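Proteins come first, then strands; the chains are lettered A, B, ... in the order of their sequence lines, and each starts at number 1. Note: hydrogens, waters and symmetry copies are ignored here, and every other heavy atom, side chains too, is used. From a predicted model like this one, the values you see are computed outputs, not experimental measurements.
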There are 2 protein chains.
Amino acid sequence: MAEFFHPSRDDITLTGVLGALGDQTRLAIVRRLALAEQGLNCSRAAAFPDVPKSTLSNHFRMLREAGVVRMVKRGVENINTVRREDLDARFPGLLDSILAAATAAEGPIPLAERADGAA
Amino acid sequence: MAEFFHPSRDDITLTGVLGALGDQTRLAIVRRLALAEQGLNCSRAAAFPDVPKSTLSNHFRMLREAGVVRMVKRGVENINTVRREDLDARFPGLLDSILAAATAAEGPIPLAERADGAA
DNA sequence: ACGGAAGTTCGAAATTACCGAACTATTGGA
DNA sequence: TCCAATAGTTCGGTAATTTCGAACTTCCGT
């Protein structure tokens, strides 16, 4: 399969980003990715037992096409990272304020859901 | 008609707010409302000739139910204001960073679209 | 080559958004 | 008081989007 499509930095739109993050599942994914240093595959970034994987695949595609997440194939898995530099360059402070708001309103990501595998 | 439903401050959700603002029309409405000192009726806040009024009515309802906008009946019109205090209390800095990102990425609201009637 | 792991794609069903038409409520004027 | 205009809402059908199970593809280890 060919590489994934990613919008260039200047093609990232504010409403696109807000819409992508305006969903519980996708926001949770991005929160986990933001915690991870080196990127996470889809299964680790989105370990929600109740959400079918086809739905999760769609969520990752939405995040990618909105310019929030970069996806790179590595073997059998896709490594996802938050496009922090691009987002910070285009919308300074936005991502941090959203992540801070998520933490303030909903608390830190529970340990059981931590992507780094820490117990 | 009864009063409009508004979520209490603590019932405002982050994904609700982001979803409400993740739309060109609704973000433009909120940008205008944020500029206005004393609130605007729907027609002034959303002077988009190409958007039907039933659609605009739905947009205002979404903004209201997400907790972004407060609506008060005054005579034949509804006065809309951004719920700035509630939003700032619940998600400090979020609204400002979104408005700043909108201005940075799309520029200031054009004079012809200014809600204060200034030429 | 086989089997498992990780995701994607497809298609149908469910949900949601859009918009024209009709309706309600309020105000100002004849 | 009655009429018309203004400002929005509601309703109903259609269009667009989202969801999700099943089948498929790709890659890696054995």
Tell me whether the OP1 or OP2 atom of C/dT8 has a side-chain N or O from A/S57 closer than 4.0 Å.
yes
Specify the separation, in whole Å, of atom CZ of B/F4 and atom C1' of D/dA7.
11 Å
Residue-level proximity of residues 13-29 of chain A to DNA chain C when a heavy atom falls under 4.0 Å:
none
Report the distance from atom NZ of A/K73 to atom P of D/dT25, rounded to the nearest whole Å.
14 Å
Among residues at least two apart in sequence or on other chains, which ones pass side-chain hydrogen bond (donor to acceptor under 3.5 Å, both in side chains) with A/N78?
none
In whole angstroms, the gap separating P of C/dA6 from CZ of A/R44 amounts to 9 Å
Those residues of residues 74-81 of chain B lying under 4.0 Å from DNA chain C by at least one heavy atom
B/G75, B/V76
Does any pair with a residue in residues 10-28 of chain A pass salt bridge (Lys or Arg N to Asp or Glu O under 4.0 Å), and if so which ones, sequence neighbours excluded?
none
Looking at side-chain heavy atoms only, is the closest gap between A/R83 and A/V68 below 4.5 Å?
no
Under the side chain to side chain contact (heavy atoms under 4.5 Å, CB included) test, residues paired with B/A105 that sit two or more places apart
A/R90, A/F91
Could you pull out all residues at least two apart from B/D88 that satisfy side chain to side chain contact (heavy atoms under 4.5 Å, CB included)?
B/R84, B/L95
Measure the distance from CG on B/L56 to P on D/dT10 and round it to the nearest whole Å.
15 Å
Cluster overlap A/M62 with B/L21, hydrophobic side-chain contacts below 4.5 Å:
no
Rounded to whole angstrom units, what separation is found between the CG atom of B/N41 and the P atom of D/dT6?
13 Å
Those residues at least two apart in sequence (or on a different chain) that pass side chain to side chain contact (heavy atoms under 4.5 Å, CB included) with B/A46 are B/I29, B/F48, B/L56, B/F60
Once salt bridge (Lys or Arg N to Asp or Glu O under 4.0 Å) is applied, what residue pairs with a partner in residues 56-69 of chain A remain, sequence neighbours excluded?
A/R61-A/E65
Given atom CZ of A/R64 and atom C1' of C/dT8, what is their separation to the nearest angstrom?
10 Å
Separation of atom NE2 in A/H59 from atom P in C/dA6, rounded to whole Å:
20 Å
Contacts of B/T81 meeting side chain to side chain contact (heavy atoms under 4.5 Å, CB included) (sequence neighbours excluded), chain-then-number -> B/R70
Take atom CZ of A/F60 and atom P of D/dT18, then tell me their distance rounded to the nearest Å.
16 Å
Please, which pairs that meet salt bridge (Lys or Arg N to Asp or Glu O under 4.0 Å) have at least one residue in residues 45-60 of chain B, sequence neighbours excluded?
none
Using atom names, set out every protein N or O paired with an N or O of nucleotides 19-23 of chain C below 3.5 Å, distance rounded to 0.1 Å.
unit_1	atom_1	unit_2	atom_2	d
C/dC19	OP2	B/T55	OG1	3.3
C/dG20	N7	B/S54	OG	3.0
C/dG20	O6	B/S54	OG	3.1

Among residues at least two apart in sequence or on other chains, which ones pass side-chain hydrogen bond (donor to acceptor under 3.5 Å, both in side chains) with A/T25?
none
